[in-house]
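Note that the structure is predicted; figures quoted are calculated from it, not measured. Naming convention: chains lettered A, B, ... in sequence-line order (proteins, then strands); numbering from 1 in each chain.
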Amino acid sequence: MASPTYITTPIYYVNDRPHIGHCYTTGLADCLARFSRLASGDPSQTYFLTGTDEHADKVVTSAAAHGMTPLQWADRNAAAFEEAFRACNYTHDDFVRTTQDRHKTKVIEYINALLASGDVYLGEYTGWWDASQEEYLTETMAKEAGFISPVTGKPLVKRSEKNYFFRLSKYQARLKAHIDAHPTFILPEARRNEVLGRLRDGLEDIPVSRAVTDDPASRWGILMPNDPGHRIYVWIDALFNYLSVVDRPELSRFWPASVHLMAKDILWFHAVIWPCMLMALNRPLPRRVYAHSYWVREGVKMSKSLGNFVTIEVMQAYAARYGMDALRWYLLTQGPSGTTDADFSHARFVEVFNADLANGIGNCASRVGNMIDKYFGGVLPEGVREHVAEGSTRSLSACCAASAANTMKALDTCDAGEALLAGIAIVREVDQYINLTSPFKLAKTVDADPSAKTRLADILYTCAEAIRVASVLLSPGLPTKMAQLWSAWGCAPAAGATLESLASFAGVHGLRAGSRVTKGEILFMRADPAEPAPA
RNA sequence: GCCGAGGUAGCUCAGCUGGUUUAGAGCGCUGGAUUCAUAACCCGGAGGUCGUGGGUUCGAGUCCCACCCUCGGCACCA
């Protein structure tokens with residue numbers, strides 16, 4: 001597990017305002033990164049990258065509309081993303097912006113290499129030009145539109161221009177072979193099938209440059225190193241970020257990336273174009289490309305026209321009322337990690353909050369902490385060991401081991417939600433165990449029967465230790481609240497400890513006899529379902 | 001249009017190569033028990049024609065056909 005782990009999100013279009021979509025992808029990456037650091041015990045072996053994509057033409061026009069230079073505009077908006085991610089407690093190790101020199105110089109290197117190998121060549125692009133929109137439509141799209149502009153209705157003009165092309169077609173067979181040989185290269189599986197399906201239709205070379213025109217806006221971007229009449233197409237520029245950031249001696253161990261996370265709309269670029277470009281560069285391919293689905297809001301698709309995006313402001317309102325951990329929890333466990341879209345529904349949010357957090361880990365930690373406080377003055381007694389409930393088929397230590405295994409298994413497929421839920425399974429078991437063993441009844445017999453005290457100690461230790469294990473598994477999703485619990489129970493994970501050792505029941509990092517276990521504050525106060533959604 | 005996925009309890013979904021189930025889980029709902037805890041937790045229940053109609057088979061959510069419905073992908077859009 002000591003092997004370097006490199007997790008990326010897309011770099012976000014800097015003209016956008018941060019919303020739940022960006023935060024979800026980045027949050028998924030954050031959770032996986034936290035798990036990764038925990039698993040290896042060595043944070044320096046994990047690299048989590050996010051950032052912004054800034055060379056789109058519209059950045060120039062938006063900047064102008066706001067009376068700024070493109071870079072000023074990009075500075076401002078990139079900062080908004082960084083602020084949003086900070087508010088979400090994301091732990092990215094780096095935030096790359098495509099306007100940074102460290103990126104641009106590398107992109108030029110890569111393009112030069114591709115020019116030298118002949119994988120990028122000057123060709124001619126012919127398409128249907130929509131003069132009003134200043135963009136080309138593909139043959140199929142033009143046909144669908146009846147060869148008129150879908151926006152203005154004016155006729156499209158067949159037009160050609162010189163462009164640099166990438167020899168995508170050359171790599172089709174190799175890519176297919178790679179996908180076939182690596183069943184989890186593209187996940188979820190349904191996405192993989194989509195890619196394979198489209199691959200059967202064949203690949204054509206793709207333009208990777210745009211002409212530089214009289215319009216000053218067309219100079220925004222990275223110029224083709226050999227030909228100032230062209231600049232590198234923004235998508236190509238953007239894809240290189242994954243490599244450019246770690247392509248230096250101190251970080252080179254992180255390539256190839258462990259996983260590129262993204263939403264389903266940009267799978268093609270990551271699963272086909274990017275891998276082929278890497279092959280052309282003789283670089284290893286990322287180990288995995290993972291495309292999740294979308295969020296909808298209260299059952300309705302989010303759109304600009306409806307103005308119903310779950311914005312960062314909405315998210316912060318939720319965080320203000322329920323805590324950022326609770327919001328993280330909802331996103332991670334209820335999110336669209338699979339092929340179907342997920343609903344951001346307030347009613348559902350409250351249900352999940354109460355079920356998993358308030359009534360789950362929150363209440364269970366509270367009842368256990370309270371009993372230790374009440375019956376043992378908040379000090380874990382000496383000589384404690386695991387106690388197994390009579391008539392119970394499995395012990396809590398076994399349950400902890402099973403949950404830890406389930407977490408690791410879920411992480412194999414980047415399923416952060418399942419990985420987290422394994423922790424809740426322990427909590428459920430502890431609640432059951434408490435009802436089965438009734439320590440609160442036992443406590444009333446202690447005066448008459450001294451041996452009961454020992455059993456009581458064993459029972460409560462068993463509960464507390466199981467919850468500690470659960471807290472470890474939950475911590476990548478609930479970092480703040482679990483840290484709060486650790487502080488109350490004096491069991492913060494030791495630096496350098498691995499997930500495996502931390503999750504070991506009564507192992508080297510288990511709760512120690514004699515340590516103080518205070519009640520602490522309520523972790524998650526039960527939410528009122530009747531209360532309207534935060535504004 | 002082409003390619004693909006799916007329609008299972010109120011909701012979200014498990015059910016892989018057909019007979020271990022009298023079709024399951026979580027949440028919600030509803031009875032009961034309990035009091036250590038955040039009216040929390042625990043136990044029980046509620047009976048869903050497993051989209052529709054055929055077919056194959058000793059036996060089909062689980063295979064085949066048709067149909068209805070929903071959804072996703074279709075390359076220069078971050």
Side-chain angles (χ1 to χ4, degrees), chain A residues 10-16 21-22 25 52-54 56 58 125 127 135-141 143-144 163 165-166 168 188-191 193-210 233-236 238-239 262-270 272-273 291 293-294 333-334 338-343 345 347-348 350-352 354-360 362-375 421 424-425 427-428 430-444 456 459-460 463 519 521-527 529:
Chain A
I11 49 177
Y12 302 107
Y13 180 40
V14 79
N15 258 13
D16 278 349
H22 309 111
T25 312
T52 42
D53 169 28
E54 312 193 345
K58 283 180 185 159
Y125 177 81
E135 67 180 15
Y136 282 101
L137 296 179
T138 59
E139 187 69 33
T140 39
M141 289 187 67
K143 189 184 284 179
E144 261 176 40
N163 268 135
F165 282 75
F166 170 59
L168 186 63
E189 199 183 345
R191 299 293 169 208
N193 292 337
E194 282 176 11
V195 171
L196 282 170
R198 284 179 62 187
L199 230 35
R200 279 193 285 276
D201 296 337
L203 295 178
E204 286 172 24
D205 294 352
I206 54 166
V208 294
S209 71
R210 284 295 143 91
Y233 176 49
V234 61
W235 249 111
I236 302 303
L239 282 169
M262 75 217 64
K264 58 189 177 186
D265 55 337
I266 55 175
L267 176 62
W268 185 254
F269 291 89
H270 289 80
V272 175
I273 297 173
S293 300
Y294 292 143
T333 63
Q334 305 297 312
T339 335
T340 46
D341 294 347
D343 193 9
S345 140
R348 182 83 182 132
V350 173
E351 276 179 17
V352 169
N354 282 336
D356 292 343
L357 305 182
N359 301 344
N363 180 246
C364 193
S366 171
R367 64 197 301 211
V368 170
N370 194 62
M371 285 191 278
I372 292 174
D373 177 78
K374 196 178 274 188
Y375 308 142
L421 254 4
I424 294 295
V427 173
R428 228 185 285 286
V430 172
D431 272 328
Q432 225 168 349
Y433 171 85
I434 293 174
N435 282 54
L436 213 55
T437 55
S438 305
F440 39 89
K441 280 185 188 163
L442 198 58
K444 289 170 184 161
L456 180 59
I459 288 172
L460 291 182
C463 293
K519 286 197 287 186
E521 281 178 39
I522 295 292
L523 256 22
F524 300 98
M525 184 50 81
R526 197 178 152 73

B:rC43, OP1 or OP2 - any side-chain N/O from A:Q432 closer than 4.0 Å? yes
Evaluate the side-chain contact (heavy atoms from CB on, under 4.5 Å) criterion for residues A:H270 and A:L239: first the C-alpha distance (whole Å), next the side-chain angles of each, then the deciding distance (0.1 Å), finally the verdict. CA-CA 8 Å; A:H270 289 80; A:L239 282 169; 3.9 Å; yes
Can you tell me the pairing partner of B:rG72 across any strand shown, Watson-Crick or G-U wobble, with both distances under 3.5 angstrom? B:rC3
Hey, is the side chain of A:N370 poking within less than 4.0 Å of OP1 or OP2 on B:rA37, counting only N and O atoms? yes
Which part of the nucleic acid, if any, lies within contact of A:N363, taking any heavy atom under 4.0 Å across all strands shown: a base, the sugar-phosphate backbone alone, or nothing? base
Among B:rA78, B:rC42, B:rG72, the one nearest A:W235 by side-chain distance: B:rA78
Roughly how many Å apart are B:rG15 and B:rG24, using the C1' atom of each and rounding to a whole number? 7 Å
With respect to the phosphate group of B:rA37, does any side-chain polar atom (N or O) of A:K374 fall under 4.0 Å of OP1 or OP2? yes
Decide yes or no for A:R526 and A:N363: does some side-chain heavy atom of the first lie under 4.5 Å from some side-chain heavy atom of the second? no
Let me know the distance between CZ of A:F440 and C1' of B:rA37, rounded to the nearest Å. 10 Å
Just how far, in rounded Å, is P of B:rG72 from CZ of A:R198? 15 Å
Using a cut-off of less than 4.0 Å, is there contact between a side-chain N or O of A:K444 and OP1 or OP2 of B:rC36? yes
For A:D373 and B:rA37, give me the distance from atom CG to atom C1', rounded to whole Å. 13 Å
Nearest of B:rG73, B:rC42, B:rC27 to any side-chain atom of A:A355? B:rC27
Inter-residue atom distance A:Y12.OH - A:T25.OG1, 0.5 Å rounding: 4.5 Å
For B:rG31, which nucleotide is its Watson-Crick or G-U wobble mate, given both distances must be under 3.5 Å? B:rC43
Given B:rU38, B:rA75, B:rG72, identify the nucleotide with an atom nearest to the side chain of A:R191. B:rG72
Is there a side-chain polar atom (N or O) of A:R367 under 4.0 Å from OP1 or OP2 of B:rC41? no
Which whole-number value in Å describes the distance from A:L421 CG to B:rA25 C1'? 12 Å
Looking across every strand, which nucleic acid part, if any, lies under 4.0 Å from A:Q334 by heavy atom: base, sugar-phosphate, or nothing? nothing
Give me the distance, rounded to whole Å, that separates B:rG19 from B:rA60 when you measure between the P atoms they each carry. 11 Å
B:rG51 and B:rU8: how far apart are their P atoms, nearest whole angstrom? 7 Å
Within this structure, what is the CG-to-P distance between A:D341 and B:rU12, rounded to whole angstrom? 13 Å
Just by modelled atom types, is the A:I11 backbone N or O under 3.5 Å from a matching donor or acceptor in the A:D53 side chain? no
Rounded interatomic separation in angstrom, taking CG from A:N354 and P from B:rU38: 15 Å
Report the distance from atom CD1 of A:I266 to atom P of B:rG73, rounded to the nearest whole Å. 13 Å
Quick one: A:I273 CD1 to B:rA78 C1', roughly how many Å, whole number? 12 Å
Presence of A:R428 side-chain N/O under 4.0 Å of B:rC27 phosphate oxygens OP1/OP2: yes
At 4.0 Å (heavy atoms only), tell me whether A:G197 reaches a base, stays on the sugar-phosphate, or touches nothing. nothing
What nucleic acid atoms does A:F524 come within less than 4.0 Å of, heavy atoms only: base, sugar-phosphate, or nothing? base
Give A:A238 one of three labels, base, sugar-phosphate or nothing, depending on what nucleic acid heavy atoms sit under 4.0 Å from its own. base
For the backbone of A:R348 and the side chain of A:S345, can you confirm whether one donor and one acceptor N or O come within less than 3.5 Å of each other? yes
If I compare all heavy atoms of A:A527 with all of A:V350, which pair ends up nearest, and what's the gap? CB-CG1, 4.0 Å
Expressed in whole Å, how much space separates the C1' atoms belonging to B:rU49 and B:rA9? 13 Å
Shortest side-chain distance from A:K441, nucleotide among B:rU35, B:rC77, B:rU38: B:rU35
Among the nucleotides B:rC76, B:rC36, B:rU38, whichever has the atom closest to the side chain of A:M371 is B:rC36
Could you tell me whether A:G202 contacts a base, only the sugar-phosphate backbone, or nothing, with contacts defined as non-hydrogen atoms closer than 4.0 Å? base
For a quick check of understanding: with a heavy-atom distance under 4.0 Å over all strands, which category does A:D431 fall into, base, sugar-phosphate or nothing? sugar-phosphate
Atom C1', compared across B:rU62 and B:rG6: separation rounded to whole Å: 15 Å
Checking one value: the base orientation of B:rG61, syn if chi is within 90 degrees of 0, otherwise anti. syn
With respect to the side chain of A:R526, which nucleotide from B:rA37, B:rA40, B:rA75 is positioned closest? B:rA40
When the C1' atoms of B:rC42 and B:rU21 are compared, how many Å lie between them, rounded to an integer? 26 Å
State, with a plain yes or no, whether a side-chain heavy atom of A:S366 is found less than 4.5 Å away from one of A:L523. no
Between B:rC41, B:rG72, B:rU38, which nucleotide gets closest to the side-chain atoms of A:L523? B:rU38
Distance check: side-chain N/O of A:W268 vs OP1/OP2 of B:rC74, anything under 4.0 Å? no
The Watson-Crick or G-U wobble partner of B:rA66, with both key distances under 3.5 Å, is B:rU52
Is it the case that the base of B:rC27 and the side chain of A:R348 share a donor-acceptor contact (distance under 3.5 Å, atom types as modelled)? no
Does A:P439 reach a base, just sugar-phosphate, or nothing at all? Heavy atoms under 4.0 Å. nothing
Provide the distance between the two C1' atoms, one in B:rA14 and one in B:rG7, to the nearest whole Å. 15 Å
Among B:rA78, B:rA75, B:rG72, which is the nearest nucleotide to the side chain of A:Y13? B:rA78
Sugar-phosphate only, base, or nothing, as touched by A:I522 at under 4.0 Å among non-hydrogen atoms: base
Using the P atom as the point on both nucleotides, what is the distance between B:rG31 and B:rG73, in whole Å? 45 Å
A:R191 side chain reached by A:S293 side chain, heavy atoms, under 4.5 Å: yes
For a side-chain contact (heavy atoms from CB on, under 4.5 Å) check, start with the C-alpha distance between A:L267 and A:V195, then their side-chain angles and the critical distance, and finish with the verdict. CA-CA 8 Å; A:L267 176 62; A:V195 171; 3.7 Å; yes
5'-most contact on RNA chain B: A:V352 or A:Y375, nearest heavy atom basis? A:V352
